[in-house]
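Structure first, then comments.
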Number of protein chains: 2
Amino acid sequence: MVVKNKANITIADVAKKAGVSKTTISRYLNGKFEFMSDESKSRIQEVIEELNFRPNKLARSLKSSKSRLIGVLISDISNPFFSILVQGISDTCNQHGYHVLVANTNNATAKEQEYILSMIDQRVEGFIVNTTGFNTEFLREIEDNYVPIVLADRPVFSDTFDTVKSDDQQATMDIIHYLAAKGFSRVGFFSEPILNVGTRIIRQQTYRQACKEILRIEPQEYEVGVKEKEKAQRFAREFVSRNEGYKKVIFTANGLTMLTMLEAIHALGLRMPEDVAICGFENWPWMEFVGSSGITAISLPSYEIGVECVNRIMLRLEATTKIKPVTIKLPTKLNIRGSTE
Amino acid sequence: MVVKNKANITIADVAKKAGVSKTTISRYLNGKFEFMSDESKSRIQEVIEELNFRPNKLARSLKSSKSRLIGVLISDISNPFFSILVQGISDTCNQHGYHVLVANTNNATAKEQEYILSMIDQRVEGFIVNTTGFNTEFLREIEDNYVPIVLADRPVFSDTFDTVKSDDQQATMDIIHYLAAKGFSRVGFFSEPILNVGTRIIRQQTYRQACKEILRIEPQEYEVGVKEKEKAQRFAREFVSRNEGYKKVIFTANGLTMLTMLEAIHALGLRMPEDVAICGFENWPWMEFVGSSGITAISLPSYEIGVECVNRIMLRLEATTKIKPVTIKLPTKLNIRGSTE
DNA sequence: CTGAAAGCGCTAACAT
DNA sequence: ATGTTAGCGCTTTCAG
């Protein structure tokens, strides 16, 4: 029988039964044993176990304004990248004795605001936000007036927030160096048409830089949404014919775009890498056996990003002085497979 | 400026400024306008907007023992099946004005207990549990003494819990009927060696039943863990040679096992479906273009399971009388592709 | 070493 | 139609 505090035992019941005051119980619960007699201590412990007493966190929180809750806002939790991020966040928070309040914003700016405000009403102690990108001012106000915020994965172009993300510049330069060495003289950048997502922007800008510095070509960029199957096929065809005679590769900015383009390639009956090669951001287990010998892809440190986000929040919660915001870039890994042979 | 309740405005401040009592403010906040003058009402509204007042949910919760929080325990949130489930749960809870406290149990029985107890301390109003399977007694105690529980996806063999899951019996019978009609006389059941997970057990039992009633063969069952690459290859080879001369198909009990076996098939250089066919539970986008023409797979209603779980909880929270526990089985869909041609 | 009492912000029974 | 008052369960001065 693990459970039996049916009667809603409170600190007062424990105090009465132990023959001490509520204060002493409170001290016991908070580990303030310095000036407590050993008798009291062991007596209290006995009674607590006997009554199966567990303190009401709501009451504690109300009194202390410390809820031991972290608010987590995720743009799309069904995306494995983000669910692993949440796993990292959740596991680490739990280790610190915190719980996470998770909400799915579905990339909607208004929902992001609404949920954040509502979580503040619950007195969360901090936020980890995978932001939609349109709430920079709002987030700054929250951070200024309430609790710390760490941005997960998606930066905003303002250095006032702690940000934890993958090192996308490095990753992009690395993969393009690799592609160039393999003889791919034409690299097309394929991404989702989502405005304002810092991650995409950084990958795209680094791609452009790499086009100039490494490949010495004009960038070839395509924006295609997840549901736009026809457009994806048109773009694939266009990219292939436009670069006739060159070794060419489709470079996708994220896992969803990879899926979109793989579908198109499959539908068009193109061979990888003979007709067109492919590679991109986000590495998933199934990529090992798609095509004749797998898809070249960049592993992102999703779990570790989650862990670091929590570490930053905890740092700020413990800090007594202001801490300067930093951007933490975690290393990625390039997995080379047959799709870029 | 959306935010500016820096000074922690309380109901008392609003009352003072509006020239009424705290009670009236409280009534206003709770929509008890029946006996309130229109002057008071509009005056209060003004002041609330002016001061940007938002009620402290912690205080409300302490008073009412209603936290507007639902606890969600997930065995492995990095698994897309579960992350979509969480999405369904989270979206639906938010629609009802609830937030979700999410914890990842990593299939650990002790963690499941620990997090549940801790969430009770936070006064969550209900639980949605994707249980490890070893906490039946514990969960029953929680439900008896505290708050409603709904089991998501994984049933336990006890009819005392509300359970929401996919209709695995139907799905299994359907796919085996389909396979039999296609001429597959040998079907092997491949699953993870996890004990006590109701979902696996049901799929396996139905498979056995189908072996008897439809295929009229002895069941051929293999248990292989996600990391056991060699074992997977051994089993694949064994299954193929054992059923030499028959049309045979590997039937995987979940997405992870599908990945494990695809890897093995790929490593062994087996052709699908010529050397061995494959199909299984869980349908993902990438399955459309693995192999020459996709993988046959069963779509599971993950999101809808999440939605229904919340509906059940809400039903219980609103109910005044005891509600009889039910098991809700949601329909699946068979996606036929080239791997079972 | 311990306790009395005040109060966190809100709600609700009981007045009026 | 509105206010007074007493808590919800805990923490924390302040006083012994």
Side-chain angles (χ1 to χ4, degrees), chain A residues 5-45 47-48 51-69 118 120-125 146, chain B residues 5-45 47-48 51-69 118 120-125 146:
Chain A
N5 181 350
K6 176 73 184 166
N8 241 344
I9 309 290
T10 75
I11 212 178
D13 303 315
V14 179
K16 204 164 101 191
K17 188 142 191 174
V20 297
S21 75
K22 292 195 299 171
T23 311
T24 306
I25 308 298
S26 175
R27 289 203 181 99
Y28 177 89
L29 292 175
N30 292 287
K32 297 179 178 160
F33 304 127
E34 307 113 58
F35 305 104
M36 193 180 297
S37 70
D38 285 349
E39 303 100 86
S40 291
K41 203 158 120 184
S42 56
R43 178 81 188 111
I44 291 173
Q45 187 177 351
V47 175
I48 284 181
L51 297 179
N52 213 301
F53 166 75
R54 295 184 61 110
N56 182 329
K57 287 193 188 163
L58 243 31
R60 275 191 161 172
S61 300
L62 175 59
K63 184 69 206 179
S64 61
S65 285
K66 301 239 167 298
S67 60
R68 305 241 127 197
L69 254 31
S118 171
I120 284 178
D121 297 342
Q122 301 265 14
R123 298 298 184 269
V124 299
E125 295 183 40
Y146 300 99
Chain B
N5 181 349
K6 176 73 185 167
N8 242 342
I9 308 291
T10 76
I11 213 178
D13 302 315
V14 179
K16 204 163 103 193
K17 186 141 192 173
V20 297
S21 76
K22 292 195 300 172
T23 311
T24 307
I25 307 298
S26 175
R27 288 203 182 99
Y28 177 90
L29 292 175
N30 293 287
K32 296 178 181 165
F33 304 125
E34 307 113 60
F35 305 104
M36 194 180 298
S37 71
D38 286 350
E39 304 100 83
S40 290
K41 204 159 118 183
S42 56
R43 178 79 190 111
I44 291 172
Q45 188 178 348
V47 175
I48 285 181
L51 296 179
N52 214 300
F53 167 74
R54 295 183 61 110
N56 182 329
K57 287 193 189 163
L58 243 31
R60 276 189 160 174
S61 300
L62 175 59
K63 183 71 207 180
S64 62
S65 284
K66 300 239 167 300
S67 61
R68 304 241 129 199
L69 254 29
S118 171
I120 284 179
D121 297 341
Q122 301 264 13
R123 295 300 184 269
V124 298
E125 295 182 42
Y146 299 99

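First the proteins, then the strands, lettered A, B, ... as listed; each starts at 1.
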Report yes or no: do A:Lys57 and B:Ser118 form a side-chain donor-acceptor pair below 3.5 Å? yes
It should be established whether B:Ser65 places a side-chain nitrogen or oxygen under 4.0 Å from OP1 or OP2 of nucleotide D:dC8. no
B:Asn30 has its side chain closest, among D:dT4, C:dT11, C:dC8, to C:dT11
To the closest 0.5 Å, what do you measure between NZ (B:Lys66) and CZ (B:Arg60)? 13.5 Å
Of A:Ile11 and B:Gly19, the one whose closest nucleotide on DNA chain D sits nearer the 5' end is B:Gly19
Quick check for you: to the nearest 0.5 Å, what is the distance between B:Ile9 atom CD1 and B:Phe53 atom CZ? 9.0 Å
Rounding to a whole Å, what distance do you find between B:Lys57:NZ and D:dC8:P? 24 Å
Just how far, in rounded Å, is P of D:dA1 from CD1 of B:Ile44? 13 Å
In whole angstrom, what separates A:Lys41's NZ from C:dT2's C1'? 16 Å
Given D:dC10, D:dT4, C:dA4, the nucleotide with the shortest approach to the side chain of B:Ser21: D:dT4
Comparing nearest nucleotides in DNA chain D, the 5'-proximal residue of the pair B:Lys22, A:Lys32 is B:Lys22
Which part of the nucleic acid, if any, lies within contact of A:Ser40, taking any heavy atom under 4.0 Å across all strands shown: a base, the sugar-phosphate backbone alone, or nothing? sugar-phosphate
Expressed in angstrom and rounded to an integer, what is the separation of B:Ile25 atom CD1 from D:dG3 atom C1'? 12 Å
Can you tell me how far CD1 of B:Ile120 sits from CZ of A:Arg54, rounded to the nearest 0.5 angstrom? 8.0 Å
C:dT11 phosphate, OP1 or OP2: any side-chain N/O from B:Ser26 under 4.0 angstrom? yes
B:Thr24 side-chain N/O to D:dG3 phosphate OP1/OP2 under 4.0 Å: yes
Checking D:dG3, C:dG9, C:dT2 against the side chain of B:Val20 (C-beta onward), the nearest is D:dG3
Between CD of A:Glu34 and C1' of C:dC1 the distance, given in whole Å, is 11 Å
Out of C:dG3, D:dG9, D:dT2, minimum distance to the side chain of A:Lys63 belongs to D:dG9
Listed nucleotide nearest any side-chain atom of B:Arg60, set C:dT11, C:dT2, C:dG9: C:dT11
Cation-pi geometry met for A:Lys41 and A:Phe33 (6.0 Å, 45°): yes
First encountered from the 5' end of DNA chain C, between A:Glu39 and B:Ser64: A:Glu39
Whole Å only: how far is the CZ atom of B:Arg123 from the C1' atom of D:dC8? 10 Å
Using side chain to side chain donor-acceptor pair (under 3.5 Å), reason through B:Ser40 and B:Ser37 one step at a time and then give a plain yes or no. CA-CA 5 Å; B:Ser40 290; B:Ser37 71; 3.0 Å; yes
Expressed as a whole number of angstroms, how long is the span from B:Asn56:CG to C:dT11:C1'? 13 Å
Which whole-number value in Å describes the distance from B:Gln122 CD to D:dC8 P? 20 Å
For the side chain of B:Thr23, starting at C-beta, report the closest nucleotide among C:dA12, D:dT2, C:dT11. C:dA12
